[in-house]
Trainee: 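I have a structure here, written as structure tokens, and I will follow up with some questions on it.
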2 protein chains.
Amino acid sequence: MRNGRKGPTGRPRGFDTDEALERAMLVFWEHGYEGAGLSTLTRAMGISTTSMYAAFGNKEELFRKVLERYTEGPSAYLARALEEPTAREVAGAILAGTVRTTTRPAHPAGCLGVQGALAVSDSGQAVRDLLAAWRNDGCTRVRERFQRAVEEGDLPPETDPGLLARYVTTLAFGIAVQAASGVDREELRAMADAALGNWPIRP
Amino acid sequence: MRNGRKGPTGRPRGFDTDEALERAMLVFWEHGYEGAGLSTLTRAMGISTTSMYAAFGNKEELFRKVLERYTEGPSAYLARALEEPTAREVAGAILAGTVRTTTRPAHPAGCLGVQGALAVSDSGQAVRDLLAAWRNDGCTRVRERFQRAVEEGDLPPETDPGLLARYVTTLAFGIAVQAASGVDREELRAMADAALGNWPIRP
DNA sequence: CGATTTCCGTATCGATCGATGCAGAAGTCG
DNA sequence: CGACTTCTGCATCGATCGATACGGAAATCG
């Protein structure tokens, strides 16, 4: 559709796609996939429904692009945390990043990947499955990092990397729920620090 | 309205209120407050929308009654756990009960109190706040139980009961999210056991 | 400029949302 | 039985849902 080799270029788009996605991300983050109506979304994006459909396809594809943006933006702390030198620092960075992102002032409380579509109607199950896969993928990446830590001798050889990854992600998802409930940032940070006081947990 | 002192009794209700509430609970549990439409609810309850409004008021009041039923039914493990003799056993019972309830076969995965209304549209914020208060109330009750444990010498005197309660409930909410993502029951059970391997956590 | 392409504002689609009005059936009283 | 009360099935309400059709405005080409 774009850039066929023949003919004039046509009128360029009248709005910034990146900024529109950012606005849409904040709406989905606050209200969830199904709680965010087209009217609310387009009003926040500053465009009409026609422009939204022309630029992003439909509501579900808009959400998919928003989730990509979220992964590389507010949730980028995960990828950075996986590069910490020790498993203990990886876990600490994940929890600290989760607390920071889920309780940032002037941003919606909680985590888009958790509250975006936990329980939905029949028409939203595709997005529900997408987010479930997103969460499970996060846990898998943490497990692989802990597996490497075992191989490197950073973690004791009898450590179960899957168990440990499930523990850290469970804390992270729980923090997201607490944040969505209005719990204070400092309290969550203190709790996360204390949770890693005895590290690593063992089966 | 019911049982005014004058006049005949009138035609009795043609369905079992308790069973209708049970069916509604399962629908809200699976689809959330806003994801459960009146047509889905009434079909599952086996009654018409008119009967639902006559018996329960409206959708929001129906949900409130469903939440009460959930608290005294699937979530009753919390009240029982608080009566365990030691703080350590309280925490263990809470996590074991959470795993059991959020992964019970033939029941919806996850926790109604978590996925019932985490992120909603403007018209659902009353229910959202209701569930946030429900979760915070659970944390408060755990904190008060741990406070008692400190006074009884069951927990070390320097223990922070609020921190410990936040830790246990964060794990519980995280378990609910994992369960909603399809994580296996046995894996969650093993993780919960390991999480309490070093008890209590300290600030 | 004129031709062509694309974007965008308005108006609207059918479906579903939660919620009711109405009338008659069904049951409980004296 | 007959008076009275309540429940229930059908139809429908206005609002909103996600999604489009259409046509004019705007921008880029030769």
Side-chain angles (χ1 to χ4, degrees), chain A residues 1-17 19-20 24 27-28 31-66 116-117 119-128, chain B residues 1-17 19-20 24 27-28 31-66 116-117 119-128:
Chain A
M1 171 191 306
R2 185 71 43 89
N3 277 348
R5 73 186 50 130
K6 69 162 77 170
T9 312
R11 175 180 171 181
R13 185 169 290 132
F15 60 94
D16 184 348
T17 305
E19 185 166 328
V27 174
F28 277 132
H31 296 290
Y33 174 68
E34 289 190 325
L38 263 304
S39 65
T40 306
L41 281 166
T42 52
R43 198 182 321 122
M45 297 166 85
I47 62 178
S48 67
T49 63
T50 315
S51 300
M52 194 282 284
Y53 276 88
F56 303 104
N58 58 25
K59 188 188 177 186
E60 183 174 327
E61 289 197 29
L62 173 65
F63 184 83
R64 297 183 115 91
K65 277 151 189 155
V66 159
V120 292
S121 73
D122 295 319
S123 68
Q125 290 196 2
V127 172
R128 185 198 137 104
Chain B
M1 173 188 305
R2 185 71 41 90
N3 277 348
R5 73 185 53 131
K6 68 164 76 172
T9 312
R11 175 180 173 182
R13 187 168 289 133
F15 60 94
D16 184 350
T17 305
E19 185 165 329
V27 174
F28 278 131
H31 296 291
Y33 174 67
E34 288 190 324
L38 264 303
S39 65
T40 306
L41 282 165
T42 53
R43 198 183 319 122
M45 297 165 86
I47 62 179
S48 66
T49 63
T50 316
S51 300
M52 194 283 284
Y53 276 89
F56 302 104
N58 57 26
K59 189 188 178 185
E60 182 174 328
E61 289 197 28
L62 173 65
F63 184 84
R64 296 183 117 90
K65 277 149 189 158
V66 159
V120 293
S121 73
D122 295 320
S123 69
Q125 290 195 2
V127 172
R128 185 197 135 105

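Letters A, B, ... mirror the listed sequences (proteins, then strands); counts begin at 1.
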Trainee: Could you check which of C:dG18, C:dC8, D:dT8 has an atom nearest any side-chain atom of B:S51?
Mentor: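 Of the options given, the side chain of B:S51 lies nearest D:dT8.
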Trainee: When the distance from OH of B:Y53 to C1' of C:dG21 is rounded to whole Å, what number comes out?
Mentor: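 That distance rounds to 14 Å.
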Trainee: Can you tell me which stems involve DNA chain C, if a stem is defined as three or more consecutive Watson-Crick or G-U wobble pairs, both distances under 3.5 Å?
Mentor: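 The stems that DNA chain C takes part in, listed by first number, are C:1-30 with D:1-30.
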Trainee: Roughly how many Å is it from NE2 in A:H31 to P in D:dT16, rounded to a whole number?
Mentor: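 Computing the A:H31:NE2 to D:dT16:P distance gives 15 Å.
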Trainee: Which nucleotide in the list C:dG27, C:dA19, C:dA11 gets nearest to the side chain of B:P12?
Mentor: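 Of all the options, the side chain of B:P12 is nearest to C:dG27.
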Trainee: Within this structure, what is the CG-to-P distance between B:L38 and D:dT16, rounded to whole angstrom?
Mentor: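 The answer, rounded to whole Å, is 17 Å.
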Trainee: Distance check needed: D:dT16 P versus A:E34 CD, whole Å only.
Mentor: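 Answer to the nearest Å: 18 Å.
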Trainee: Within this structure, what is the OG1-CG distance for the pair A:T49 and A:N58, rounded to the nearest 0.5 Å?
Mentor: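 Reported to 0.5 Å precision, the distance equals 12.5 Å.
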Trainee: Base, sugar-phosphate, or nothing: which does B:S123 touch, judged by heavy atoms less than 4.0 Å apart?
Mentor: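 Since no nucleic acid heavy atom lies under 4.0 Å of B:S123, the category is nothing.
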Trainee: Would you say the side-chain atoms of B:E34 pair up with the backbone N or O of B:S121, donor to acceptor, closer than 3.5 Å?
Mentor: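 Confirmed, B:E34 side chain pairs with B:S121 backbone.
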Trainee: Whether the side chain of A:S39 and the base of D:dT16 hold a donor-acceptor pair under 3.5 Å is what I'd like checked.
Mentor: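 Looking at the base of D:dT16, it does not pair with any donor or acceptor on the side chain of A:S39 (distance under 3.5 Å).
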Trainee: What are the two closest non-hydrogen atoms of A:A119 and B:G32, and how far apart are they?
Mentor: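 Minimum heavy-atom separation between A:A119 and B:G32: CB-N, 3.6 Å.
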Trainee: Report yes if a side-chain nitrogen or oxygen of A:S48 is closer than 4.0 Å to either non-bridging phosphate oxygen (OP1 or OP2) of C:dG9; otherwise report no.
Mentor: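 Affirmative; the distance criterion is met.
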Trainee: Is there a side-chain contact between B:E60 and B:Y33 in this structure, where contact means two heavy atoms from C-beta onward sitting under 4.5 Å apart?
Mentor: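 Result yes, sub-4.5 Å side-chain heavy-atom pair found.
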Trainee: Could you check how far NZ of A:K59 sits from P of D:dT16, rounded to whole Å?
Mentor: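 Result: 15 Å.
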Trainee: Return the value, rounded to whole Å, for the distance between atom CG of B:L62 and atom P of C:dA19.
Mentor: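 About 10 Å, once rounded to whole Å.
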Trainee: Rounded at 0.5 Å granularity, tell me how far OG in A:S51 sits from CZ in A:F56.
Mentor: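 With rounding to 0.5 Å, OG (A:S51) is 9.5 Å from CZ (A:F56).
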Trainee: Within this structure, what is the CG-to-P distance between B:D16 and D:dT8, rounded to whole angstrom?
Mentor: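 After rounding, the gap between these two atoms is 12 Å.
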Trainee: Between A:L41 and A:L62, is the side chain to side chain contact (heavy atoms under 4.5 Å, CB included) condition met? List the steps.
Mentor: CA-CA 10 Å; A:L41 281 166; A:L62 173 65; 4.3 Å; yes
Trainee: Contact between B:H31 and A:Q125 at the side-chain level, heavy atoms closer than 4.5 Å - yes or no?
Mentor: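 A side-chain contact exists here, since the closest heavy-atom pair is under 4.5 Å.
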Trainee: Has A:T42 got a side-chain atom pairing as donor or acceptor with A:L38's backbone, closer than 3.5 angstrom?
Mentor: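 Such a contact is found between A:T42 side chain and A:L38 backbone.
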Trainee: Name the residue from B:K59, B:K65, B:R64 that meets the salt bridge (charged side-chain N to carboxylate O under 4.0 Å, His left out) definition with B:E61.
Mentor: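 By the salt bridge (charged side-chain N to carboxylate O under 4.0 Å, His left out) criterion, B:E61 pairs with just one of B:K59, B:K65, B:R64: B:K65.
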Trainee: Identify the pairs formed between an N or O of the protein and an N or O of nucleotides 22-24 of chain D at a distance under 3.5 Å, and give each distance.
Mentor:
none

Trainee: Distance check needed: D:dG9 P versus B:I47 CD1, whole Å only.
Mentor: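 Distance, rounded to whole Å: 9 Å.
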Trainee: With heavy atoms under 4.0 Å as the rule, sort A:A55 into base, sugar-phosphate or nothing.
Mentor: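 Since no nucleic acid heavy atom lies under 4.0 Å of A:A55, the category is nothing.
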